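Heads up, the thing below is written out as structure tokens.
Keep in mind that what you see is a predicted model, and the values were worked out from it rather than measured. Each ligand, and each atom within it, is numbered from 1 in the order the structure gives.
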Amino acid sequence: MVICCAAVNCSNRQGKGEKRAVSFHRFPLKDSKRLIQWLKAVQRDNWTPTKYSFLCSEHFTKDSFSKRLEDQHRLLKPTAVPSIFHLTEKKRGAGGHGRTRRKDASKATGGVRGHSSAATSRGATGWSPSSSGNPMAKPESRRLKRAALQGEAAPRAAQEAASQEQAQQALERTPGDGLATTVAGSQGKAEVSATDAGDESTTPSIEGGVADKSGISMDDFTPPGSGACKFIGSLHSYSFSSKHTRERPSVPREPIDRKRPKKDVEPSCSGSSLGPDKGLAQSPPGSSLTATPQKPSQSPSAPPADVTPKPATEAVQSQHSDASPMSINEVILSASGACKLIDSLHSYCFSSRQNKSQVCCLREQVEKKNGELKSLRQRVSRSDSQVRKLQEKLDELRRVSVPYPSGLLSPSREPPKMNPVVEPLSWMLGTWLSDPPGAGTYPTLQPFQYLEEVHISHVGQPMLNFSFNSFHPDTRKPMHRECGFIRLKPDTNKVAFVSAQNTGVVEVEEGEVNGQELCIASHSIARISFAKEPHVEQITRKFRLNSEGKLEQTVSMATTTQPMTQHLHVTYKKVTP
Ligand code: HEM
């Protein structure tokens with residue numbers, strides 16, 4: 001098979017001696033947008049490119065190529081668009097493959113338009129081994145079509161991309177490499193070697209996906225398990241093929257299927273190509289560009305026996321049975337409109353997946369917050385439990401702090417009603433703490449300070465209960481302690497004060513209550529036999545509630561060695577009701 005340039009007025013073909021520096025590049029059939037750019041540049045009316053249509057490197061600017069680093073091979077950039085054409089030139093010469101010659105060939109075959117006509121005249125560009133009606137091609141063609149609709153085309157495209165990448169390395173070589181593009185046709189094998197502009201931009205990814213040079217792969221838009229993109233991709237193929245069918249109503253269905261391998265123009269925006277044409281399908285995956293002729297008898301699905309380009313007349317005859325293809329403008333308009341719509345479906349599909357991803361992310365956050373809330377509730381519950389325990393402990397302490405703790409006097413009970421007899425002394429009721437510390441003096445002693453806690457209460461009886469407990473101000477060591485009762489003579493202000501002290505002294509003091517002041521003096525004093533000396537002989541006390549609501553006490557005494565002298569003065573603040 002000889003590869004010719006499809007450009008108007010260009011006679012370059014593969015293997016031509018003086019053109020060995022020329023490389024050939026397939027039309028980007030799988031990139032509808034870029035295909036349109038190419039077709040606009042080529043300016044061939046009523047012509048449809050196939051996968052066997054090529055443009056030579058002379059129609060591209062120098063910057064359209066990049067060099068492969070490892071072997072300096074020339075590669076057509078994925079974005080390259082041809083721009084150099086000699087459209088006004090009539091004919092290049094007798095041996096050229098200009099459009100004049102194509103037109104002649106077209107006329108010779110009854111004016112059949114399209115690439116097939118051109119291919120026939122040139123004998124290679126539109127090479128189509130099954131175009132002569134090989135029955136083996138038909139079922140495979142249908143199978144491929146079904147596969148495309150079922151979203152199975154992507155893996156095939158990856159395989160094809162890989163094989164064509166290899167072919168490209170073999171073909172896009174400069175003369176300096178001594179490996180100019182050639183066509184090997186010896187021993188009955190026709191080896192097709194060329195670069196495909198559509199596939200050139202693809203390389204096999206590690207996972208078998210197809211990644212372009214920008215690093216974006218098909219897998220980026222087709223996540224595992226996503227049937228949506230595959231389905232939408234198949235719509236591209238369906239859209240285009242149905243357009244063909246609509247535009248060719250007069251053509252019998254069977255011949256169309258049979259000739260379909262020739263019409264291998266399947267623009268696919270999604271890249272879901274049908275893969276290799278049936279005419280080349282006999283090649284194993286990975287070598288789709290190298291066709292090896294085989295005999296039909298090898299297997300029911302065996303490829304055509306002979307892939308050698310057929311004589312022009314035979315090929316031309318095959319064209320007669322084909323319908324006239326619609327114009328390229330119609331194809332472009334139809335394909336681009338459908339592709340835009342389908343691409344918008346891709347966008348919707350992709351954004352939908354993004355939304356799903358965001359929903360999943362938010363759901364995870366909500367679950368995390370719920371976990372934190374549960375933890376906080378547990379902590380609050382534990383705190384509540386601790387508060388309850390502390391409350392119980394406080395109640396217990398309050399019970400203990402009662403001057404005469406008794407299980408019979410439950411704190412939960414309503415406090416006993418105060419006996420009216422002791423009402424004149426009610427201002428003394430309560431728990432009091434020295435504030436500031438009490439001051440101790442006596443002629444025989446160094447002045448000292450002390451802390452004191454006073455409880456004065458009643459249990460409904462006609463008397464008050466009291467306890468005075470003093471402590472060292474620094475060490476809190478208990479010091480002087482005494483307790484007793486205060487009684488009132490009913491209907492008088494006469495008061496009797498009965499006290500027992502830890503020093504072994506017991507005493508009775510009597511006096512009067514006047515308002516919020518109580519003055520008493522010792523009536524009788526007794527002591528243990530081994531009481532420490534000097535012994536106290538007289539004691540006087542004065543209690544009063546001052547203007548600040550504080551309770552004051554002043555104690556004076558006379559001992560066996562000292563006259564009546566003040567021994568204590570202390571002010572208490574009330575700490576309980
Ligand atoms: C009405 C109650 C009290 C009486 C009758 C009383 C009687 C006495 C007597 C007779 C002495 C001996 C004085 C001397 O050695 O010349 C004394 C000493 C003393 N009293 Fe009191 N006292 C009373 C309350 C207190 C209180 C509430 C405190 C407070 C902590 C206190 C602290 C002292 C101290 C520190 C001494 C000197 C060291 C001692 O002898 O233990 N007294 N008291």
Exercise for the section: Please report the closest heavy-atom contact between Pro424 and Leu488, naming both atoms and the distance. Expected result: CD-CD1, 3.7 Å
Problem - Lys389 and Glu392 ion-paired at < 4.0 Å - result: no
Exercise for the section: Return the minimal non-hydrogen interatomic distance between Thr444 and Gln562, and the atom names on each side. Expected result: CG2-NE2, 3.4 Å
Exercise for the section: Would you tell me whether His569 and Thr554 have side-chain atoms, one donor and one acceptor, within less than 3.5 Å of each other? Expected result: yes
Completion exercise
atom 15 (O) of ligand 1 sits nearest the protein heavy atom Pro534 CD, 3.5 Å
Problem - Atom indices of ligand 1, in the order listed, that fall short of 4.0 Å to a heavy atom of Ser470 - result: 29 (C), 30 (C)
Practice task
Could you list the atoms of ligand 1 found under 4.0 angstrom from a heavy atom of Lys532?
Solution key: 39 (C), 40 (O), 41 (O)
Fill in the blank from the handout: Contact region, Phe448 to ligand 1, non-hydrogen atoms below 4.0 Å, reads side chain
Problem - Atom of Ser426, atom of Met418 and distance for their closest heavy-atom approach - result: CB-CE, 3.6 Å
Practice task
For Met479, take its heavy atoms, then give the atoms of ligand 1 lying under 4.0 Å from any of them.
Solution key: 30 (C)
Practice task
Just go through Leu445, Thr441, Ile525 and tell me whose heavy atom is the nearest to atom 36 (C) of ligand 1.
Solution key: Leu445
Practice task
Return the set of residues passing ring-ring contact (aromatic ring centres under 6.0 Å, His included) with Tyr572 (not counting sequence neighbours), or none when no residue passes.
Solution key: none
Problem - Per-atom contacts of ligand 1 with Thr559, taking only distances under 4.0 Å to non-hydrogen atoms - result: 10 (C)
Exercise for the section: Find out whether Glu507 and Gln501 are in side-chain contact, i.e. whether some heavy atom of one side chain is under 4.5 Å from a heavy atom of the other. Expected result: yes
Practice task
May I ask you to decide if the ring planes of Phe65 and His25 are parallel, tilted or perpendicular, using 30° and 60° as cut-offs?
Solution key: tilted
Exercise for the section: Over all heavy atoms of both residues, which pair between Trp38 and Pro28 is shortest? Give the atoms and the distance, please. Expected result: CD2-CD, 3.3 Å
Completion exercise
Counting only protein N, O or S atoms and ignoring waters, those under 2.8 Å from atom 21 (Fe) of ligand 1 are His567 NE2
Practice task
Have a look at ligand 1 and work out which part of Val505, if any, has a heavy atom under 4.0 Å from it: side chain, backbone, both or neither.
Solution key: neither
Exercise for the section: Looking only at protein heavy atoms, identify the closest one to atom 16 (O) of ligand 1 and say how far it is in Å. Expected result: Thr444 OG1, 2.5 Å
Problem - Region of Gln501 that comes within reach of ligand 1 [heavy atoms, distance under 4.0 Å] - result: side chain
Handout entry: Nearest protein heavy atom with distance in Å, relative to atom 5 (C) of ligand 1
Key = Ile539 CD1, 3.6 Å
Handout entry: Enumerated ligand 1 atoms positioned under 4.0 Å from heavy atoms of Arg541
Key = 1 (C)
Exercise for the section: Assess whether side-chain contact (heavy atoms from CB on, under 4.5 Å) is satisfied between Asp435 and Thr571, documenting all intermediate values. Expected result: CA-CA 6 Å; Asp435 181 28; Thr571 301; over 6 Å; no
Handout entry: Pairing of Arg541 and Glu509 as salt bridge, 4.0 angstrom limit
Key = yes
Practice task
Decide yes or no on side-chain hydrogen bond (donor to acceptor under 3.5 Å, both in side chains) for Gln461 and Asn419, but give the supporting numbers first.
Solution key: CA-CA 6 Å; Gln461 297 175 317; Asn419 193 301; over 6 Å; no
